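It should be emphasised that the depicted structure is a prediction, and the values quoted were computed from it without experimental measurement. By convention in this document, chain letters (A, B, ...) are assigned in the order of the sequence lines, proteins followed by strands, and residues within each chain are numbered from 1.
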Protein chains: 2
Amino acid sequence: MVTRDEVAKHAGVSVAVVSYVINNKPVVKEATRQKVLQAIRELGYSPNLTARSLKTRRTNQIGVLFNHIGNPFETGIALGLEHRARKDGQSLIFQTYDPLEEDHLKTLFSGRVDAIILLGQSLKTDTVDHFAKIGVPLFSVMTPDQPNDIVPCADINWYEAYRAMIEHLIRFGHTRIGFMGALNRESYLNVRFRHFRRALLAQGLEFRDEWLVHGSFGSLEMAYKQMSERLSGGTDLPFTAIVCANDLMAIGVLSACRDNGVSVPGQLSIASSENILMSSHTSPPLTTVHYPRPEIGVATIEEVMNHLNTGAPLSSRTLKHEIYERSSTGQAPG
Amino acid sequence: MVTRDEVAKHAGVSVAVVSYVINNKPVVKEATRQKVLQAIRELGYSPNLTARSLKTRRTNQIGVLFNHIGNPFETGIALGLEHRARKDGQSLIFQTYDPLEEDHLKTLFSGRVDAIILLGQSLKTDTVDHFAKIGVPLFSVMTPDQPNDIVPCADINWYEAYRAMIEHLIRFGHTRIGFMGALNRESYLNVRFRHFRRALLAQGLEFRDEWLVHGSFGSLEMAYKQMSERLSGGTDLPFTAIVCANDLMAIGVLSACRDNGVSVPGQLSIASSENILMSSHTSPPLTTVHYPRPEIGVATIEEVMNHLNTGAPLSSRTLKHEIYERSSTGQAPG
DNA sequence: TTGTAAGCGTTATCAG
DNA sequence: CTGATAACGCTTACAA
């Protein structure tokens with residue numbers, strides 16, 4: 001590898017001058033500056049970022065904790081993160097979060113990242129404290145199931161979103177509305193369920209435990225299976241509409257309906273959450289809560305960079321959602 | 001941040017001993033080892049990876065160049081990459097590749113990564129040479145459109161895959177088979193098109209230029225638009241079956257058919273490539289070439305790690321594909 | 001078995 | 001304006 005020393009020698013200047021040129025210090029005489037740039041070009045030199053990081057105590061790397069890279073919702077957020085991070089010259093290190101190996105994070109990221117972005121994971125207090133202590137800020141996209149006061153979040157107002165969605169369903173005459181959530185412990189989807197339930201009750205509707213269907217957040221298959229079981233029993237569904245905590249599950253539910261001869265929205269209205277690209281290409285297309293994925297990714301990086309650069313405290317942000325009414329919801333049967 | 005020096009002081013040993021303990025050198029007396037471990041625990045110390053990298057000249061980071069993180073095909077590969085990389089203690093740095101900023105890669109990764117994994121991008125010779133010179137190996141998942149002899153690849157045998165797919169269509173009586181490829185210059189999808197065309201000719205069928213429909217690899221919308229235009233013209237399609245270079249485009253084509261009243265596979269058979277999760281949940285489900293995404297990701301990391309650890313030369317690998325016959329293909333009309 | 005010290009490639013502080 | 005030189009936190013001969 002070609003180092004700064006070689007460049008200095010080649011240009012006939014000291015190593016310091018090379019640094020000045022690279023870092024655009026305006027102190028260098030134009031002539032020497034050109035000499036150095038010339039040498040850099042000739043040697044194909046670029047500064048070793050690891051060495052620079054060690055010295056400057058800035059890695060320009062941000063850790064991002066995925067739950068499941070295969071989930072298009074999460075990658076939609078990643079798109080915004082990456083786009084904005086690139087502008088700021090930050091690289092993202094993607095890691096799949098495994099609760100069983102949470103302690104591993106401490107060593108994994110040690111001295112490697114300037115900040116860590118969570119995707120709704122509920123970290124142990126111990127872990128949170130550790131990063132606070134070594135000065136690595138945490139910020140979460142999506143409110144974790146077990147929120148922590150020193151981990152601010154960017155999210156939408158799920159309560160308002162579901163309130164609007166429920167109103168939409170009520171206009172179609174639905175009064176018994178089910179929900180498909182996640183079985184996973186401490187999933188950020190639990191937050192959505194709690195808001196849904198609260199919004200439902202606030203509208204004077206009831207919610208029975210047996211109206212909660214268990215899906216699994218990364219997997220459409222699980223949703224398909226669960227719904228198929230309910231449908232193949234021969235007995236009628238206890239609800240006329242179901243709201244799914246994410247689109248992947250809604251697509252599974254839709255498949256289950258199709259395979260079991262249940263018409264959507266004729267016999268069952270399906271509403272969903274997130275609005276991933278695919279949700280407008282199912283048949284019928286899904287009515288869903290639009291989650292501003294790229295925007296929230298961008299906002300997250302901006303918030304984090306602002307903190308890193310100015311020391312301003314990180315603070316939570318609420319972004320705007322929307323209800324996309326498509327044809328998977330309709331008049332309640334009967 | 002707590003450093004190794006503090007640990008040494010706290011444990012009453014020299015800094016070297018701390019290193020020995022951390023790196024499991026078997027030379028340390030058990031008693032001192034315990035003293036050190038105790039100090040590490042008490043101080044909540046973990047070694048600074050940046051400093052370690054600088055010294056060992058190993059970053060344990062691998063750069064991964066995406067085309068579009070939103071493409072589920074690419075994230076499916078990432079899943080395999082990440083899973084295997086984690087086992088080897090490697091972190092992945094994901095970057096979206098932008099041909100306009102290709103030169104930027106040199107500085108971006110300088111001293112930061114041990115290797116770079118491409119997802120079918122055709123890098124400039126200049127760039128390839130640069131990384132060869134500084135000793136950062138390149139490996140590509142998917143054969144680039146402009147392959148380079150010093151960038152080995154992992155891929156399936158597309159020629160064989162399409163040969164089998166075409167046979168499948170011929171059995172249904174199709175003789176005029178279109179293809180939807182990518183407009184993007186130098187996309188890895190061009191490779192697929194060339195193999196398709198060759199396979200078609202090899203079976204004694206013809207291929208006319210107007211049977212090539214232009215999609216765009218990251219986007220289902222473009223495919224939808226292109227196909228809609230062809231369909232809304234009122235004239236019949238010149239082919240009875242179409243093979244799409246990826247599932248995302250096939251889903252767009254399917255949507256276009258649905259919205260234009262074209263029955264699939266009654267009036268048009270749709271075959272596809274990749275077998276992303278969603279391709280089995282469209283209606284009808286898509287007949288497609290199964291691309292072993294996680295496996296190819298795993299194989300890639302193994303190949304790269306083997307090279308990094310033993311110095312063995314990187315070599316290209318061909319993985320097994322499969323044809324998944326589902327209901328989007330059927331008897332040719334007429 | 002443990003300690004000392006050189007050096008990885010930078011940046012940044014001081015003199016000159 | 002430019003040149004020495006001391007860190008940054010770690011690994012690893014080599015010495016003790």
Side-chain angles (χ1 to χ4, degrees), chain A residues 1-37 39-40 43-61 89 106-107 109-114 134-136, chain B residues 1-37 39-40 43-61 106-114 134-136:
Chain A
M1 194 207 301
V2 30
T3 76
R4 187 213 40 180
D5 285 41
E6 303 176 41
V7 174
K9 199 164 297 168
H10 194 83
V13 298
S14 83
V15 291
V17 176
V18 179
S19 264
Y20 297 150
V21 171
I22 289 167
N23 298 311
N24 288 312
K25 305 278 183 213
V27 293
V28 190
K29 193 169 37 163
E30 184 58 22
T32 34
R33 212 178 82 86
Q34 288 306 333
K35 253 196 320 191
V36 172
L37 288 176
I40 288 178
L43 269 49
Y45 165 78
S46 37
N48 182 311
L49 299 177
T50 297
R52 172 179 291 173
S53 293
L54 181 58
K55 182 63 189 172
T56 61
R57 341 219 67 225
R58 264 280 218 146
T59 62
N60 296 312
Q61 300 195 126
K106 301 182 197 166
T107 70
F109 282 144
S110 176
R112 268 270 146 93
V113 297
D114 298 331
I134 65 172
V136 173
Chain B
M1 194 206 302
V2 29
T3 75
R4 187 213 41 179
D5 286 40
E6 303 176 40
V7 174
K9 199 165 296 168
H10 194 84
V13 297
S14 83
V15 292
V17 175
V18 178
S19 266
Y20 297 149
V21 171
I22 288 167
N23 298 311
N24 288 312
K25 305 276 183 214
V27 294
V28 190
K29 195 171 33 167
E30 185 57 23
T32 33
R33 212 177 83 88
Q34 289 305 334
K35 253 195 320 191
V36 172
L37 289 176
I40 289 177
L43 270 49
Y45 166 78
S46 36
N48 182 312
L49 300 178
T50 297
R52 173 180 288 173
S53 291
L54 182 58
K55 182 64 189 176
T56 60
R57 339 222 65 226
R58 264 278 217 147
T59 62
N60 297 311
Q61 300 195 127
K106 301 182 197 167
T107 69
L108 183 69
F109 281 145
S110 176
R112 267 268 143 94
V113 296
D114 298 331
I134 66 173
V136 173

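- Put simply, the side chain of A:Thr50 never gets that close to the backbone of B:Leu54: no donor and acceptor are under 3.5 Å apart.
- When atom types are taken as modelled, the side chain of A:Thr59 and the backbone of A:Ser53 share no donor-acceptor pair closer than 3.5 angstrom.
- Taking both residues in full, the closest heavy atoms of B:Arg112 and B:Gln61 are given as O-NE2, 3.0 Å, listed atom of the first, atom of the second, then distance.
- Chain A approaches DNA chain C within less than 4.0 angstrom (heavy atoms of the protein), and the contacting nucleotides run 5' to 3' from C:dG9 to C:dC14.
- One finds no side-chain N or O of B:Ser19 lying less than 4.0 angstrom from the OP1 or OP2 phosphate oxygen of D:dC10.
- Here B:Gln34 pairs with B:Glu30 under the side-chain hydrogen bond (donor to acceptor under 3.5 Å, both in side chains) rule; sequence neighbours left out.
- Axis angle, first five pairs versus last five pairs of the helix from C:dT1-D:dA16 to C:dG16-D:dC1: 40°, rounded to 10°.
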What protein N or O atoms touch nucleotides 1-5 of chain D N or O atoms at under 3.5 angstrom, if any, and at what distances?
unit_1: D:dT2; atom_1: OP1; unit_2: A:Thr32; atom_2: OG1; d: 3.0
unit_1: D:dT2; atom_1: OP2; unit_2: A:Lys29; atom_2: N; d: 3.0
unit_1: D:dT2; atom_1: OP2; unit_2: A:Thr32; atom_2: OG1; d: 3.0
unit_1: D:dG3; atom_1: OP2; unit_2: A:Ser14; atom_2: N; d: 2.7
unit_1: D:dG3; atom_1: OP2; unit_2: A:Ser14; atom_2: OG; d: 3.3
unit_1: D:dG3; atom_1: O6; unit_2: A:Tyr20; atom_2: OH; d: 2.8

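- Here the CG atom belonging to A:Leu43 is positioned 11.0 Å from the NZ atom belonging to A:Lys9, to the nearest 0.5 angstrom.
- Residues from residues 46-61 of chain B that place a heavy atom under 4.0 Å from any atom of DNA chain D, listed by number: B:Pro47, B:Asn48, B:Ala51, B:Arg52, B:Lys55, B:Thr56.
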Identify each donor-acceptor pair in which a side-chain atom of residues 12-28 of chain B lies under 3.5 Å from a protein atom, sequence neighbours left out, and give them as a table.
unit_1: B:Ser14; atom_1: OG; unit_2: B:Ala16; atom_2: N; d: 3.3
unit_1: B:Asn23; atom_1: ND2; unit_2: B:Ser19; atom_2: O; d: 3.1

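- At least one side-chain heavy atom of A:Leu37 sits under 4.5 Å from a side-chain heavy atom of A:Arg33.
- B:Thr3 OG1 to B:Glu6 CD: the interatomic distance, rounded to the nearest 0.5 Å, is 4.5 Å.
- Under the 3.5 Å distance criterion, the side-chain polar atoms of A:Ser46 are left unmatched by any main-chain donor or acceptor of B:Ser110.
- Using a 4.5 Å cut-off on side-chain heavy atoms (C-beta onward), A:Val7 and A:His10 make no contact.
- Going from atom OH of B:Tyr45 over to atom C1' of D:dG9 covers 7 Å, rounded to whole Å.
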